[in-house]
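These numbers come from a predicted model, not from an experiment. We count ligands from 1, going down the list as the structure has it; atoms in each ligand are counted the same way.
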Amino acid sequence: MKHILIFLILTITMFPSSNAQFFRMNWDSINQLNQQDHQLMMKKLGIESLRPGPSGNPEDPNAANSDESKAKTYTSLPNPLVFNDGTSVKTPEQWKKRKKEIRELFDREMYGRLPADIPSVKWKISNINDTLEGKYPVCIKTVKGHVDNQGYPAISVTIDLTVVTPAQSEKPVPVIMEFGWNFPGGFKMPGQKGPSWKEQLLEQGWGYAILNPTSIQADNGAGLRQGIIGLVNKGEPRKLDDWGALRAWAWGSSRAMDYFETDNDVDQKRVGIEGLSRYGKAALVAMAYEPRLAIGFIGSSGAGGAKLLRRTFGEQVENLASSAEYHWFAPNFIKYAGPLTPNDLPVDAHELIAICAPRPVFISVGAPNVEGTWIDAKGMFMAAVHAGPVYELLGKDGMGLEKMPPQETNCSEGDIAFRQHEGGHTTGPNWPYFIEFAKPYFDKNH
Ligand code: GCU
């Protein structure tokens, strides 16, 4: 019963609440629209066919590689500390310039650019509820971000944000913001014991916020002419370097930061971001682009998130570029699934982590025998290793490890943390470790 309920909630929340029309669309027509838009983008790119990605089902003949000995890793990775013109980055001052170069490459080739003229967002608290979360008295604010749509009234976008802070708190508190949905009563994974992650945060005297990603932008290609991307484009298709859903979701988290600056219960200097899977990717993109975010908890983000795209293990660029996932990225990214290859990418995931520096990032993943190998834990670990030199240049610490440690080793000595927990596709078992990792940073500020 609980699973059916969760399925229904997830299905409903996949669509922007402001677009009632979406509720009537069935999956077939969504797929059809995905494919039409994907084809249109391929045409614009002058591409006729793409290499198919491997299957996520280990039983399939074309299953993604899950054998470490067959993982042909990159021949060479782009070096975050070398400028595009080949000169080295030697000082923090030079890194500022190099960071701009890297951002430009991610903008143009992978996640897409933020349009110059995104309309403004007006935040309004629509409801305040003093209640209990477990045994903790809390104040729950339901907040709506109304995007100005005077430029194109046919599309309206209202961002859903829930902000939960300890009821008795006399001063602004740290808040961890999750990309997701606010399940009534707090969502626990089946079989999960102990306090929920929300209760764990409240136990510290911290709060949490839930930012609904699909109230910003739908999670499919069919929705690209709606949501915030469609609003800016006035219902027209994207340009080749236009933003994809990941960048749009991350933009939404920046607007949530604007709201926090107006909420006296929240300490805007101590706001972190968390997400799982595609929302783990979004959390990392948000950290990379929004300097006001103090810390990131990046859950099983895999390909398109913290995993090195050049590594032939688990999910591949060809999967990301397919009609099922291309909407997360700029259309330009599709070309790396044909005629170009992942080795032609001018950037890779270690540089996405690197541009979060010097701020702390915790990279989380589950166990291969429970979560599967699609996410590629080692590919994320290696990206974290290769981001290290940038942290070091800025006077911080990388991970301090070069070799992947055994499962359940908490690598949190440096400013990049990594932990592979014993569970499945969830950040669940890593919450206590993330909280311990975050504490000194949050204490330092106060
Ligand atoms: C698919 C996809 C992943 C993604 C995941 C999720 O498995 O291939 O890239 O992270 O869905 O978001 O659940």
Side-chain angles (χ1 to χ4, degrees), residues 3 6-7 9-11 13-15 27 30-31 34 38 50-60 62-66 110-111 178-181 187 189 211-214 216-221 223 244-250 273-286 296-330 333-334 336-337 342 345 348-349 352 363-368 370-380 383 420 423-428 430:
H3 290 100
I6 292 169
F7 175 76
I9 295 173
L10 280 175
T11 310
T13 50
M14 296 293 278
F15 308 102
W27 286 107
I30 288 181
N31 279 337
N34 283 349
H38 189 245
L50 296 175
R51 296 182 302 276
S55 166
N57 179 353
E59 308 300 322
D60 284 350
N62 63 334
N65 178 36
S66 58
M110 192 162 173
Y111 297 108
E178 171 171 88
F179 279 116
W181 289 269
F187 175 66
M189 292 305 283
L211 179 64
N212 175 341
T214 54
I216 304 162
Q217 184 61 43
D219 185 15
N220 52 50
L246 290 171
R247 198 74 209 279
W249 295 334
I273 185 94
E274 182 255 3
L276 175 76
S277 213
R278 65 199 64 190
Y279 304 120
K281 307 183 208 298
L284 186 55
V285 174
F297 182 16
I298 314 300
S300 297
S301 60
K307 166 222 160 79
L308 287 178
L309 292 169
R310 283 166 167 75
R311 221 175 92 89
T312 50
F313 188 103
E315 184 169 18
Q316 297 295 295
V317 165
E318 287 78 1
N319 301 97
L320 299 175
S322 75
S323 64
E325 299 179 1
Y326 77 104
H327 63 280
W328 293 336
F329 307 97
F333 186 62
I334 300 173
Y336 294 95
L345 270 167
D348 210 326
L352 189 64
I363 294 168
S364 166
V365 64
V370 192
E371 183 173 46
T373 50
W374 187 242
I375 299 299
D376 186 9
K378 189 170 174 192
M380 299 198 293
Q420 181 169 35
H425 199 46
T426 168
T427 46
N430 270 346

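Between Ile216 and Leu211 there is a side-chain heavy-atom pair separated by less than 4.5 Å.
For residues 296-319, every residue pair satisfying the ring pair (Phe, Tyr, Trp, His ring centres under 6.0 Å) rule, not counting sequence neighbours, is listed here: Phe297-Phe362, Phe297-Trp431, Phe297-Phe434.
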Expected rows: ligand 1 N/O, protein N/O, dist below 3.5 Å:
| unit_1 | atom_1 | unit_2 | atom_2 | d |
| --- | --- | --- | --- | --- |
| ligand 1 | 7 (O) | Trp374 | NE1 | 3.1 |
| ligand 1 | 8 (O) | Glu315 | OE1 | 3.0 |
| ligand 1 | 8 (O) | Glu315 | OE2 | 2.8 |
| ligand 1 | 8 (O) | Glu325 | OE2 | 2.7 |
| ligand 1 | 8 (O) | Trp374 | NE1 | 2.9 |
| ligand 1 | 9 (O) | Lys281 | NZ | 2.8 |
| ligand 1 | 9 (O) | Glu315 | OE1 | 2.5 |
| ligand 1 | 9 (O) | Glu315 | OE2 | 3.4 |
| ligand 1 | 10 (O) | Ser277 | OG | 2.9 |
| ligand 1 | 10 (O) | Arg278 | N | 3.4 |
| ligand 1 | 10 (O) | Lys281 | NZ | 3.1 |
| ligand 1 | 11 (O) | Arg278 | NH2 | 3.0 |
| ligand 1 | 12 (O) | Ser277 | OG | 2.8 |
| ligand 1 | 12 (O) | Arg278 | N | 2.9 |
| ligand 1 | 12 (O) | Arg278 | NE | 2.5 |
| ligand 1 | 12 (O) | Arg278 | NH2 | 3.3 |
| ligand 1 | 13 (O) | Ser277 | OG | 2.8 |

Evaluation steps, side chain to side chain contact (heavy atoms under 4.5 Å, CB included), between Tyr111 and Leu352: CA-CA 11 Å; Tyr111 297 108; Leu352 189 64; 3.3 Å; yes

Worked verdict on Phe179 versus Trp249 for ring-ring contact (aromatic ring centres under 6.0 Å, His included): CA-CA 8 Å; Phe179 279 116; Trp249 295 334; 7.1 Å; no

Arg311/Asp376 under side chain to side chain contact (heavy atoms under 4.5 Å, CB included): CA gap, chis, key distance, verdict: CA-CA 9 Å; Arg311 221 175 92 89; Asp376 186 9; 2.8 Å; yes

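Put simply, the side chain of His327 never gets that close to the backbone of Ala245: no donor and acceptor are under 3.5 Å apart.
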